[in-house]
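Data first, discussion second: the structure below is written as structure tokens.
For the numbers below, each heavy atom of this structure counts, side chains included, while hydrogens, waters and symmetry mates do not. We count ligands from 1, going down the list as the structure has it; atoms in each ligand are counted the same way.
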Amino acid sequence: MLSSPFRFCPYCGHELVWKQPNGDHRPRQVCRACDRILYRNPKPCAGAFIVRDGRLLLLRRSIEPYAGWWDLPGGFMEIDETPEETVLREVREETGLEVRLTGLLGFYLDSYGPEYVTLNIYFLAEPVAGEPRPLSEASEVRWFAPDELPQNVAFPSHSRRALADWAGQIQRL
Ligand SMILES: [Zn+2]
């Protein structure tokens with residue numbers, strides 16, 4: 001059984017207890033008072049592998065977690081966004097770039113603190129306008145060739161796999 005940091009019902013504030021709902025395949029936290037079930041799912045995030053002349057754009061985080069580490073532009077999806085809208089918005093907010101999405105790299109699970117599992121959706125993209133500059137949440141932006149990617153990349157338990165997949169695709173071209 002997965003542990004959970006949540007103790008109280010988000011609807012009515014009463015205590016949650018673990019039990020297996022009728023017909024379900026696993027135990028879940030259920031409210032003692034209102035019987036609602038606390039379903040927990042990964043939180044979707046969308047990010048971009050922006051490539052120009054074979055080099056990948058990374059930005060250096062200026063905020064925690066992983067302040068000072070390199071990161072891919074991207075972030076959590078808002079409730080009313082598509083993944084494509086999220087990634088275009090995040091790239092614009094973090095780098096000032098307008099990009100065109102050219103493909104999909106893949107889907108990568110990770111954890112984000114004790115509360116969340118993230119489902120990271122990575123698009124391939126190329127710049128269409130602007131020169132990247134560090135805006136919100138970044139102190140520096142830089143283009144990296146596949147063989148000079150930095151070691152200190154934020155959220156390494158999924159980003160290292162995603163970077164290796166990207167570098168592998170580039171080398172097969
Ligand atoms: Zn409740």
Q) Sorted by chain and residue number, which protein N/O/S atoms are under 2.8 Å from the Zn ion (ligand 1)? A) Cys9 SG, Cys12 SG, Cys31 SG, Cys34 SG
Q | Parallel, tilted or perpendicular, as decided by the 30° and 60° cut-offs, for the rings of Tyr108 and His158 | A | tilted
Q: Would you please indicate if the ring centroids of Phe144 and Trp70 are separated by under 6.0 Å?
A: yes
Q. Can the ring centres of Phe123 and Phe49 be said to be less than 6.0 Å apart?
A. no
Q) Does the side chain of Gln169 come within less than 4.5 Å of Leu105's, by heavy atoms? A) yes
Q) Any chance the side chains of Asp110 and Thr118 put a donor and an acceptor closer than 3.5 Å? A) no
Q: State whether Arg92 and Glu98 are salt-bridged, where the test is any N-O pair (Lys NZ or Arg NE/NH1/NH2 against Asp/Glu carboxylate O) under 4.0 Å.
A: yes
